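Taking it in order: structure first as structure tokens, then the write-up.
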Amino acid sequence: MAIDCMVTRNNNMTSKEDQEYETNKTNKPLIFDASLMKNESNIPSQFIWPDHEKPNCASVTSELQVPLIDLSGVLSNDAIEIKKATSLVNEACSKHGFFLVINHGVDTNLIKNAHVYMDKFFELPLCEKQKAQRKIGEHCGYASSFIGRFSSKLPWKETLSFQYSAEEGSSHIVEDYFQRTMGENFSHLGKVYQDYCNAMSTLSLGIMELLGLSLGVSKNHFKEFFQENESIMRLNYYPTCQKPELTLGTGPHCDPTSLTILHQDSVGGLQVFVDNEWHSITPNFNAFVVNIGDTFMALSNGRYKSCLHRAVVNNKIPRKSLAFFLCPNKDKVVTPPIELVDSNNPRIYPDFTWQALLEFTQKQYRADMNTLQTFSIWLQETQA
């Protein structure tokens, strides 16, 4: 991992208390309605983070120097450009797992529409958004913060997550989701995000070719592994906060998924922890932010890093982002290729399925910087 942070193994284990709705002093349910909370100067205690985790602008020393990978040469099979790109990817992923891609082939109008319709969804009244309410123990649906799932260190955000599948026969899965949960009037959103997810799946498979080459394995090894991916798409909305120094939009964590492809709006907020310091990543509308997740770290036998990152909020402008989390088919066994295992590089993590890790993070453990290690220990103990 990027940092070696020792914590008690059960610190983030969920409990019955965390599965119940948190109440305030008047025993009224705590509700995160962004249209109201953005004006709230008295931040509820559930959203106030411990002092050692609170954002501190002075502690963010600089912008993270992440390589800008030009995919135009890669997509055109230019051998020189491919060699250059694989070298940059290898260097970045060996250190912190973050890089940017430009000239990626994704239609600019599609990206703009994805942002426009994200605005339209989050501008809806809370009761309308709650038609897609996420249920406890599930990973898809609308979530106003993590109320009902956790009782402290709540993130200052709203999200809408939904499943994507590249399997044959699932070509309308996103469209069907919007019509089923939100109604026929939202079919246009379903179409936009179906197209966006298709584009993200194609892009992620191209990046998998680069990752395979950079690790010295077959170009198609990881691409074929994720060919029928069952991934997650998430729309993130971070409202303004009257006291942003007290809370976080997203707490420090490593993504448990395989690969994250993020598109930010023009408002900064993404920060990565490298060399014991927090660094920002400046938004670039023409680029996607790509980062390695825990599952791919296991696939690479620890060669590539899943790095700690977080999102901060501000008191002036709301922030939005589109996140595509690449995940393997639920039946795939996560195990590194033989080229990455030898006497000098023994196996670090046990074999597992993505479904098992997903259920672990949804029902037993709150994702942080130690998710993969904790899951590995839990899995080995369970199997024993």
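Because the structure is a prediction, the values reported are computed rather than measured.
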Output side-chain donor-acceptor pairs under 3.5 Å for residues 332-340, partner residues at least two apart or in another chain, one line each.
| unit_1 | atom_1 | unit_2 | atom_2 | d |
| --- | --- | --- | --- | --- |
| Thr335 | OG1 | Arg347 | NH1 | 3.3 |
| Thr335 | OG1 | Asp351 | OD1 | 2.9 |

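- Placement of Leu68 and Ile281 within a single hydrophobic cluster is found when ILVMFWY residues are connected by side-chain heavy-atom separations under 4.5 Å, directly or transitively.
- Of the candidates Tyr238, Tyr142, Tyr237, Glu158 forms a side chain to side chain donor-acceptor pair (under 3.5 Å) with just one, namely Tyr142.
- The closest donor-acceptor contact from the side chain of Ser204 to the backbone of Met200 lies under 3.5 Å.
- Salt bridge Lys84/Asp70: absent, no basic N to carboxylate O contact under 4.0 Å.
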Residue pair Phe375, Tyr365: steps toward the ring pair (Phe, Tyr, Trp, His ring centres under 6.0 Å) verdict: CA-CA 9 Å; Phe375 170 70; Tyr365 193 82; 9.7 Å; no

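- Applying the 4.5 Å side-chain rule to ILVMFWY residues, one finds Trp49, Leu248 in the same cluster as Val312.
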Derivation and outcome, ring pair (Phe, Tyr, Trp, His ring centres under 6.0 Å), residues His96 and His279: CA-CA 11 Å; His96 50 63; His279 301 262; 8.9 Å; no

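- Pairs passing the salt bridge (charged side-chain N to carboxylate O under 4.0 Å, His left out) check and including a residue from residues 113-125, sequence neighbours excluded, read Asp119-Lys320.
- Annotation: side chain to side chain contact (heavy atoms under 4.5 Å, CB included) contacts of Asn286 (sequence neighbours excluded): Asn284.
- In this view, Cys197 and Phe162, Tyr164, Val174, Met233, Phe324 satisfy the side chain to side chain contact (heavy atoms under 4.5 Å, CB included) rule, not counting sequence neighbours.
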Run the side-chain donor-acceptor check on residues 175-182: report pairs under 3.5 Å with partners two or more places apart or on a different chain.
| unit_1 | atom_1 | unit_2 | atom_2 | d |
| --- | --- | --- | --- | --- |
| Glu175 | OE2 | His172 | ND1 | 2.7 |
| Thr181 | OG1 | Tyr177 | O | 2.8 |

